[in-house]
Every structure is written in C-alpha cells, then in structure tokens.
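Report on one structure; see the data block that follows.
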Amino acid sequence: MLTFTLKVVGIEKRTPDVVTIFLKQPGLKKIKYKPGQYLTLVVRINNRKYIRPYSFSSAPGIDQHLAVTIKRIPGGVVSNYLYDHVKIDDVMEVMEPMGDFVFDLNEPSPNHIMLWGAGSGITPLMSILKVALNTTGNKKVTLFYCNRNPEHTIFYDELVELEEKYPDRFKIYNFYTRIPEDVYLHYFIEGRIDETKVVDILSVNNDLEESVHYICGPDGLKQTVRNALSILKVVHANIYTEEFEVFIDAQQFDDIETRQVKIINSGVAQQIEVTKGTSILNAALDQGIDLSYSCQTGTCLLCKGKLVNGKVKLIGIDKLPEGLNADDCLLCCSYPYSTDIEILTIY
Ligand SMILES: Cc1cc2nc3c(=O)[nH]c(=O)nc-3n(C[C@H](O)[C@H](O)[C@H](O)COP(=O)(O)OP(=O)(O)OC[C@H]3O[C@@H](n4cnc5c(N)ncnc54)[C@H](O)[C@@H]3O)c2cc1C
Ligand code: FES
C-alpha cells in the first residue's frame with residue numbers, strides 16, 4: 001500500500017462539530033482519486049497508531065487541494081483529536097485513495113444523479129455533485145439531505161451557491177429534524193427522510209428510469225431509501241451505498257466468549273486475548289500488533305488473514321466479499337468462535 005506525507009494547508013470549521021482539513025498535493029506525483037473515494041489517515045496519538053478512512057469532500061480536477069471533512073464522534077479517539085489538534089503546517093501520513101462508491105466520468109451513467117445523505121454522509125456526495133455539475137454539461141443532480149437544522153448542515157453555504165449557479169440542473173431537498181418554532185426558513189421538509197416522503201417526492205419525477213442513486217448515511221437512511229426506490233421500481237444496479245460504520249446487533253455476541261487467538265504477523269506468532277465484543281483486529285491492535293487495515297466495515301480487504309485453524313464468526317457483515325477464499329477472514333469483522341484459532345496475516 002502506497003503512503004504519502006502531506007502538509008496541512010488549511011482548516012475550516014464547518015459546523016460546531018465538523019472541520020475540513022485541506023492537504024497539499026505532493027509536488028511531483030499528484031494523488032489521483034475519483035469522486036466518492038476516501039483517503040485513509042494514519043494518526044499517532046499517545047504513541048499508538050490509529051488508522052481511519054475519510055471520504056474526500058474535495059473534487060478531483062476542480063479543487064486545488066485534497067480535502068477531508070471530519071465530524072466529532074462522542075468518545076471517538078481520532079475524530080476528536082483531528083478536530084482539536086490539527087493545525088496548518090502539520091504533516092499527515094495518508095494511504096492511497098480507495099473505495100468503489102464512485103461516480104466515474106469515464107463510464108456511461110444515467111442523466112439524473114440523485115444523492116441521499118444525512119450529517120457527515122454529505123462528504124463523498126459533495127465530491128460527486130461538484131464533479132457532476134462542473135464537468136458533465138447536462139446531467140441533473142438532486143440532493144436529499146437530512147440534518148438537525150441549517151446551523152448543523154455541513155456545506156450549507158456552498159450548497160446554496162451551487163443551487164444558485166445551476167438553477168436548472170441542481171435541486172436540494174433539505175430535511176430538518178429540529179427547527180425552533182420562532183425560526184423562519186425559506187423551504188425545508190420537516191423530519192427525517194422517510195419512505196412516504198421519498199415516494200411522494202419521486203412519484204412526480206418523470207425521469208426515474210434514467211436515474212442513479214448514491215446513498216451515504218446511517219443504516220436506517222439506507223434501508224428507507226432502498227425500500228422507497230424498490231416501490232418505485234428503480235433498478236437495483238443503479239443504487240450505490242457507502243458505509244461509514246457497520247451496524248452491529250448486540251444479540252450477535254450472545255454466543256461469543258473471550259478467547260485466546262494466535263496471530264502470525266510478519267513471521268512472528270503472538271497469542272492475544274480477544275475479549276467478548278472486541279473484533280480480532282481491535283484486540284490485536286490494542287496488544288501492540290501492527291496490522292494493516294482501513295475501513296473496518298469489511299470492504300477494503302486490507303485486514304485480510306488466512307484462518308489456519310479454528311472458527312471465527314462474522315459480525316457486522318453478512319458474508320465475505322466476493323473474491324475471498326473459504327479460509328480467508330477479515331479481522332475487522334471476525335470474532336472468535338472456537339478454541340485453537342490461528343490466523344496468518346496477509347498484508
Ligand atoms: C469509507 C469510510 C468513509 C468515511 N468517511 C468519513 C467522513 O468523510 N467524515 C467523517 O466524519 N467520518 C467518516 N468515516 C468514519 C471515520 O472513519 C471514523 O470511523 C470516525 O471518525 C470515528 O472515528 P473515531 O476514532 O473518532 O471513533 P472510535 O474511537 O473509533 O469510535 C468511538 C465510538 O464511536 C462509534 N463510531 C465509530 N464511527 C462512527 C460513526 N461514523 N458514526 C457514529 N458512531 C461511530 C464506535 O462504534 C465507537 O463506539 C468514514 C468511514 C468509512 C469506513
Ligand atoms: S479494515 Fe477494511 S476490510 Fe477490514
């Protein structure tokens with residue numbers, strides 16, 4: 001995996017709990033990325049290395065600098081550290097861009113791009129919409145965006161500017177969940193994005209057959225939009241989703257116990273304790289083993305290992321992604337399910 005060291009050239013607070021960090025492209029070999037992809041930051045905090053992916057909010061070919069936009073997660077180690085401590089002229093270690101939640105200009109795509117987001121889920125959508133509006137000439141873009149109120153709406157001003165710049169091609173439906181009664185707002189929809197509202201809005205659309213959908217937000221939003229699109233007979237292949245975090249049902253841990261697991265990493269075997277509820281990846285990282293990873297949602301495959309002995313249970317994802325062998329496992333979504341587990345790391 002290629003890594004780069006980039007200089008922080010700008011910092012902008014977007015909302016009371018969201019910050020954008022602008023990074024300078026390397027002088028010679030520019031980092032190439034597609035709208036919708038993410039950049040993985042490698043951050044050292046109190047002598048421990050943490051790795052976290054953040055979708056590009058910048059748009060390739062349009063924005064001079066690379067940008068990631070980060071929302072503080074209560075109790076979150078890296079998001080709070082980045083929000084509180086990163087400053088201009090710092091250097092950041094990053095991995096090469098990854099992800100297949102992309103709007104690819106080189107591929108033919110339907111004429112109407114519909115983007116569905118909530119909160120920080122706007123980041124990859126922002127990159128996609130800037131590219132779609134700036135470079136495609138005739139494609140229409142509609143954004144359905146749910147937030148508490150305008151103050152907590154990331155990119156509020158930029159989005160209004162884009163809507164004014166492209167009045168015939170770009171429309172925003174703002175959904176607000178907490179608007180004080182004495183606040184006057186021009187136009188918004190009250191409450192969350194729900195199935196009935198989506199069906200009502202889209203039923204009057206006469207180009208649904210020519211639409212492609214990108215959804216980025218919590219699991220509930222994804223399910224809601226998927227259900228509504230299925231009622232409206234939008235073809236499954238035209239719906240893309242991005243996960244920032246996997247949804248874990250606590251009941252899935254009922255048959256998991258704290259166990260010892262043997263990890264063989266770079267030829268060195270180490271016995272680690274994996275406590276109930278902790279993934280094998282996180283247990284190994286906590287015990288100082290330097291493993292490769294990024295997404296922790298079972299998509300980047302960087303945490304792939306070979307299950308030499310024993311059984312693991314997948315939690316957070318239903319099945320292993322295509323292309324993996326039966327004895328492969330993804331440490332970020334694997335939990336001990338037998339004694340004598342032995343895993344050989346691959347990257
Ligand atoms: C492909 C991808 C793209 C991403 N892009 C962005 C982005 O553009 N902007 C952004 O702000 N974040 C993004 N994330 C999430 C980001 O990578 C981190 O997971 C997030 O910042 C939390 O990290 P942390 O170290 O602060 O929290 P941790 O210390 O890892 O976790 C603390 C607690 O927060 C929970 N948690 C972790 N992530 C989330 C989350 N996203 N929402 C709610 N609870 C969470 C954990 O379950 C845990 O209980 C993305 C994630 C993925 C997989
Ligand atoms: S860290 Fe990405 S698949 Fe496990």
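Hydrogens, waters and symmetry mates are skipped; everything else that's a heavy atom, side chains included, is used. When a ligand or atom number is given, it counts from 1 through the structure's own listing order. Please read all numbers here as calculations on a predicted model, not as lab measurements.
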If you have a sec, work out which protein heavy atom is nearest atom 27 (O) of ligand 1 and how many Å separate them, to one decimal?
Gly76 CA, 3.2 Å

Below 4.0 angstrom, counting only protein heavy atoms, does anything approach atom 24 (P) of ligand 1?
yes

If you measure from atom 8 (O) of ligand 1 to every heavy atom of Thr299, Asn80, Thr123, which option wins on shortest distance?
Thr123

Nearest candidate to atom 26 (O) of ligand 1, where distance is taken over non-hydrogen atoms, out of Gly121, Ser79, Cys332, Cys300:
Ser79

Regarding Lys71 and the six-membered ring of Phe244, is the cationic atom NZ or CZ under 6.0 Å from the ring centre and inside 45° of its axis?
no

Closer than 2.8 Å to atom 4 (Fe) of ligand 2, do we get an N, O or S atom from Cys295, backbone or side chain?
no

For atom 9 (N) of ligand 1, which candidate among Leu41, Val77, Thr69 holds the nearest heavy atom?
Thr69

Under 6.0 Å from the ring centre and within 45 degrees of the ring axis: does the NZ or CZ of Arg48 meet both conditions for the six-membered ring of Tyr50?
yes

Shortest protein contact, atom 34 (O) of ligand 1 (heavy atom only):
Ile73 CG2, 3.2 Å

Please check whether Pro53 reaches ligand 1 - meaning an N/O of the residue sits under 3.5 Å from an N/O of the ligand, judged on distance alone.
yes

Under the 6.0 Å and 45° cation-pi test, does Lys24 pair with Phe22?
no

Is the closest heavy atom of Glu242 to ligand 1 under 4.0 Å?
yes

Just let me know how Thr299 lines up against ligand 2, side chain, backbone, both or neither, with a heavy-atom cut-off below 4.0 Å.
backbone

Residue and atom name of the nearest protein heavy atom (relative to atom 1 (C) of ligand 1), distance in Å to one decimal:
Tyr38 CD2, 3.5 Å

For ligand 2, does Cys333 get within less than 4.0 Å through its side chain, its backbone, both, or neither, judged by non-hydrogen atoms?
neither

Which of the numbered atoms in ligand 2 are under 4.0 angstrom from any heavy atom belonging to Gly298?
3 (S)

Mark up the atoms of ligand 1 that fall under 4.0 Å of a heavy atom belonging to Ile70, in ascending order.
11 (O)

Below 2.8 Å, can you find an N, O or S atom of Cys300 next to atom 4 (Fe) of ligand 2?
no

Between Thr123 and Ser120, is any side-chain donor less than 3.5 angstrom from a side-chain acceptor?
no

Closest to atom 20 (C) of ligand 1 among protein heavy atoms sits Tyr54 OH, 3.8 Å

With heavy atoms only and a cut-off of under 4.0 Å, state how Leu301 meets ligand 2: side chain, backbone, both or neither.
backbone

Is atom 48 (C) of ligand 1 in close reach of the protein, with a heavy atom under 4.0 Å away?
no

How far is atom 45 (C) of ligand 1 from the closest protein heavy atom, and which atom is that?
Glu245 OE2, 3.3 Å

